[in-house]
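I have a structure I would like to understand better, so I am pasting it below and will then ask my questions one at a time.
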Amino acid sequence: MKAKSKLRQAVALLCSRSTATSEAYTQLVLECVRANEIDQAKRLQSHMEHHLFQPPDPFLHNQLLHLYAKFGKLRDAQNLFDKMLERDVFSWNALLSAYAKSGSIQDLRATFDRMPYRDSVSYNTIIAGLSGNSFPKESLELFRRMQREGLEPTEYTNVSALNASAQLLDLRRGKQIHGSVIVHNYLGNVFICNALTDMYAKCGEIEHARWLFDRLTNKNLVSWNLMISGYVKNGQPEKCIGLLHEMRLSGHMPDQVTLSTVIAAYCQCGRADEARRVFNEFKDKDIVCWTAMLVGYAKSGREEDALLLFNEMLLEHFEPDSYTFSSVVSSCAKLASLYHGQAIHGKSILAGLDNNLLVSSALIDMYSKCGLIDDARSVFDVMPTRNVITWNAMIVGYAQNGRDKDMLELFENMLQEKFKPDNVTFVGVLSACLHSNLIEQGQVFFDSISNQHGLTPSLDHYACMVNLLGRSGRIDQAVNLIKSMPHEPDFLIWSTLLSVSATKGDVARAEMAGRHLFELDSTNAVPYIMLSNMYASMGRWKDVAAVRSVMKNKNVKKFAGYSWIEIDNEVHKFTSEDRTHPETEQIYEELKILIRKLEEQGFRPNTNLVLHDVGEEEKLKSICFHSEKLALVFGLIKKGNGVSPIRIIKNIRICSDCHEFMKFASMSIRRQIILRDSNRFHHFSNGKCSCKDNW
DNA sequence: ATAGGGTTAG
């Protein structure tokens, strides 16, 4: 600290004079390079240009150039380079490394091509620059070109080439480099060993990576971090925790990289609380550590904790980056929390990151999952660059919000702009067809997945088709499709078949699907409930009782359906017939009034949907107080005189009685109701629903 | 002068 202020004083002193010798400048510039004092070096450069009336010392210029290059000060490096009278390969290499750090690949390549002479450092710089900016193919091309030109790859070259092979998951190339590394006797270099370990780990050969790691005698912190992250990437997070322990025993202190990896490992094992404890104990956290914890919570389904942690992070004056924003925005999307989502959108604008690819894609998803599909489109429209994920977010958004025409138009645009659709795109496309009952259209799209786009239909796509065929009453075709699949049918396929068979009253098919589901997972409540609902709707109460008793014997727990509504900053959650809310009395009072009013307008509660064989009055009671109705009335109590839509979110699918109720309610209260269920959106307005009663 | 590890949206 003291040395730095002394240096600053010396620079200030020299710059206060109108003359100085070339030696004096050189002396101070060297000091600046040693202390990494870029600003002071720039001051010296500018003073020198104005006051030194002799040709600048090429050595001094090279020193400055390297300092700028080291810190990625591309502009300064470029300016200086242009002024230089003598440029040797050192100068060119320094400029090249400034371009490599800038991330502009075109400029990097152009500079490389412009060079009058190239040595192995030039090649190493561009090869590292390309692999470091995720251009592994191009990096390996230059690796080959270097050898063609008769330059022997150095240790530096091999590290970057291994890195590129790892990115391409090209195990063969990696092994080939491994061989040449052995021949050249480079295995004493820890960079080489680390790069090899990483390559094997990323290519899925975790045992091979571990074998090398165990034989590495001069392990450093990076070696440990590589191995730990290798286990996370290979789906063995439990191993990381043991390795962390070993690492401490061997005298290595975990750093920020270790911490962020270990947090991910804990959260992957469902141990988010332990991750949080490790996180709290660590003193020197950076933004990546915070983001790792936010992501960890989100992946553990603990979005509220993520938002609370995000607040803590802001209180501690950490600046969120694009990764942080995209992660918290996606937590808001899962919660459908428009209040927080908009606030975070605002913060991202202030940070200048709202147009960032990651952030915008997350914002599109957030707005569409909040039912504000047009706001999602606004974000989409102003983006400077888009990728497949952006397009998919928008297409899936239109699909879930029942805007099939917009979806089809957007899909056409996507193809026109030469973006390659992937499996997620077709999940969006097919589910839009499903929600709008476009059977022929859906079949055409399904066939195009393999015919036109060279993809293999996934189980999700098959499930959409089973659903689509089943709804149009072609259950035979749906069953044949399942039989013809190249994949083993999974839980989703059979539960889709069960669901469509049950609604069409095809008891035999429903029971067949049920048997497959029990085989796959006898503890999941979904098939039991679906079968029991089917029997109940047919009045087959004996069968209902039988299913219930099997559930009881096997201790299958029905998971609770609930709805929630956000009022200002707070989330209010309701279950069916909930009486735990502090304002329960008023809610039930108002709900009864609303039901009477809607009945006067023609609404009739549909007691056929009640799943127990109980008296008519009991049936009415259990259906009238479903969670979404309670949430709606609560919203009206709190925001009764507003004009914005009432937004309700539900974790299971809406029943048809509630659906009918919401249609009448939207007319009676003259307001839009947006209900997101586990499957899709329902925009109720003027007595109609965007799903056209098809869900 | 040039090399390695962590967060990543649908």
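First the proteins, then the strands, lettered A, B, ... as listed; each starts at 1.
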Open item on the list: I need the A:Leu74 CG to A:Ser104 OG distance, nearest 0.5 Å.
Closed with: 8.0 Å
Task: Charged tip of A:Arg386 within 45° of A:Phe419 ring normal and under 6.0 Å - done: no
- [ ] Please state how far atom CD1 in A:Ile395 lies from atom C1' in B:dA9, giving the value in whole angstrom units.
- [x] 15 Å
Open item on the list: Is it the case that the base of B:dG6 and the side chain of A:Asp255 share a donor-acceptor contact (distance under 3.5 Å, atom types as modelled)?
Closed with: no
Open item on the list: Within the 4.0 Å heavy-atom criterion, would you say A:Lys233 contacts the bases, only the backbone, or no part of the nucleic acid?
Closed with: sugar-phosphate
- [ ] Could you check which of B:dG6, B:dG10, B:dT7 has an atom nearest any side-chain atom of A:Thr291?
- [x] B:dT7
Task: Atom pair CG (A:Leu162) and CD1 (A:Ile192), whose distance is rounded to the nearest 0.5 Å - done: 6.5 Å
Open item on the list: If stacking means aromatic ring centre less than 5.5 angstrom from the base's six-membered ring centre, planes under 30°, is A:Tyr323 stacked on B:dT8?
Closed with: no
- [ ] Specify the separation, in whole Å, of atom CE of A:Met146 and atom C1' of B:dT2.
- [x] 10 Å
TODO: Inspect the contact between A:Glu312 and A:Lys285 and indicate whether a charged nitrogen and a carboxylate oxygen are less than 4.0 angstrom apart.
DONE: no
Task: Separation of atom CG in A:Leu358 from atom P in B:dA9, rounded to whole Å - done: 7 Å
Open item on the list: Can you confirm whether or not the ring centre of A:Phe445 sits under 6.0 Å from the ring centre of A:Phe411?
Closed with: yes
TODO: Identify which nucleotide among B:dA3, B:dA9, B:dG10 has an atom closest to any side-chain atom of A:Ser326, counting heavy atoms from C-beta outward.
DONE: B:dA9
Task: Atom-to-atom span, CE of A:Met199 to C1' of B:dA3 - whole angstrom - done: 16 Å
Task: Ionic contact status for A:Arg145 with A:Glu149, cut-off 4.0 Å - done: yes
Open item on the list: Please list, in numerical order, the residues of residues 89-105 of chain A that have a heavy atom closer than 4.0 Å to any atom of DNA chain B.
Closed with: A:Phe90, A:Asn93
Open item on the list: Using a strict threshold of under 4.0 Å (side-chain N to carboxylate O), is an ion pair present between A:Arg109 and A:Asp113?
Closed with: no
- [ ] Look at the side chain of A:Gln256 and decide which nucleotide, out of B:dA3, B:dG6, B:dT7, has an atom nearest to it.
- [x] B:dG6
Open item on the list: Applying a 4.0 Å non-hydrogen cut-off, can you work out what A:Cys289 is touching in the nucleic acid: base, sugar-phosphate, or nothing?
Closed with: base
- [ ] Could you check whether A:Val295 gets within reach of a base, just the sugar-phosphate, or nothing at all, counting any heavy atom under 4.0 Å?
- [x] sugar-phosphate
TODO: Report which part of the nucleic acid A:Asp286 touches: base, sugar-phosphate, or nothing (heavy-atom distance under 4.0 Å, all strands).
DONE: base
Open item on the list: Is there a side-chain contact between A:Lys299 and the phosphate of B:dT8, meaning an N or O under 4.0 Å from OP1 or OP2?
Closed with: yes
Open item on the list: Students often get this wrong, so: under 4.0 angstrom with heavy atoms, is A:Asp119 touching a base, only sugar-phosphate, or nothing?
Closed with: base
TODO: Select base, sugar-phosphate, or nothing to describe what A:Ala195 touches, counting heavy atoms under 4.0 Å on all strands.
DONE: nothing
Open item on the list: Measure CZ/A:Phe279 against C1'/B:dG6 and give the value in whole Å, please.
Closed with: 13 Å
Task: Euclidean distance, atom CG of residue A:Leu363 to atom P of B:dA9 [Å, nearest integer] - done: 13 Å
TODO: Classify the side chain of A:Asn387 and the base of B:dA9 as holding, or not holding, a donor-acceptor pair under 3.5 Å.
DONE: yes
- [ ] Please report, rounded to the nearest Å, how far the C1' atom of B:dT2 is from the CG atom of A:Asn62.
- [x] 15 Å
Open item on the list: Categorize A:Ile192 for me: base, sugar-phosphate, or nothing, with a 4.0 angstrom heavy-atom threshold over every strand shown.
Closed with: nothing
Task: Protein-nucleotide distance (A:Met313, atom CE; B:dT7, atom C1'), rounded to Å - done: 11 Å
Task: Short side-chain N/O contact to B:dT2 OP1/OP2 from A:Lys70, under 4.0 Å - done: no
Open item on the list: Heavy atoms from C-beta onward define the side chain here; which of B:dA3, B:dG6, B:dG10 lies closest to that of A:Val424?
Closed with: B:dG10
TODO: Check if the side chain of A:Asn189 and the base of B:dA3 share a donor-acceptor pair of N or O atoms closer than 3.5 Å.
DONE: yes
- [ ] Could you check A:His178, A:His208, A:Met199, A:Gln176 and say which one makes a side-chain contact (heavy atoms from CB on, under 4.5 Å) with A:Leu171?
- [x] A:Met199
Open item on the list: Regarding A:Asn220, tell me which of base, sugar-phosphate or nothing describes its non-hydrogen contacts under 4.0 Å with the strands shown.
Closed with: base
Open item on the list: Counting the atoms with a prime plus P, OP1 and OP2 as sugar-phosphate, which does A:Leu226 contact under 4.0 Å by heavy atoms, base, sugar-phosphate, or nothing?
Closed with: sugar-phosphate
Open item on the list: Test of understanding: with side chain to side chain contact (heavy atoms under 4.5 Å, CB included), list the residues that count as partners of A:Thr157, not counting sequence neighbours.
Closed with: A:Asn124, A:Ile127, A:Phe143, A:Met146, A:Pro153, A:Thr154
Open item on the list: Could you check whether the side chain of A:Thr261 and the base of B:dG6 have a donor-acceptor pair of N or O atoms closer than 3.5 Å, going by distance alone?
Closed with: no
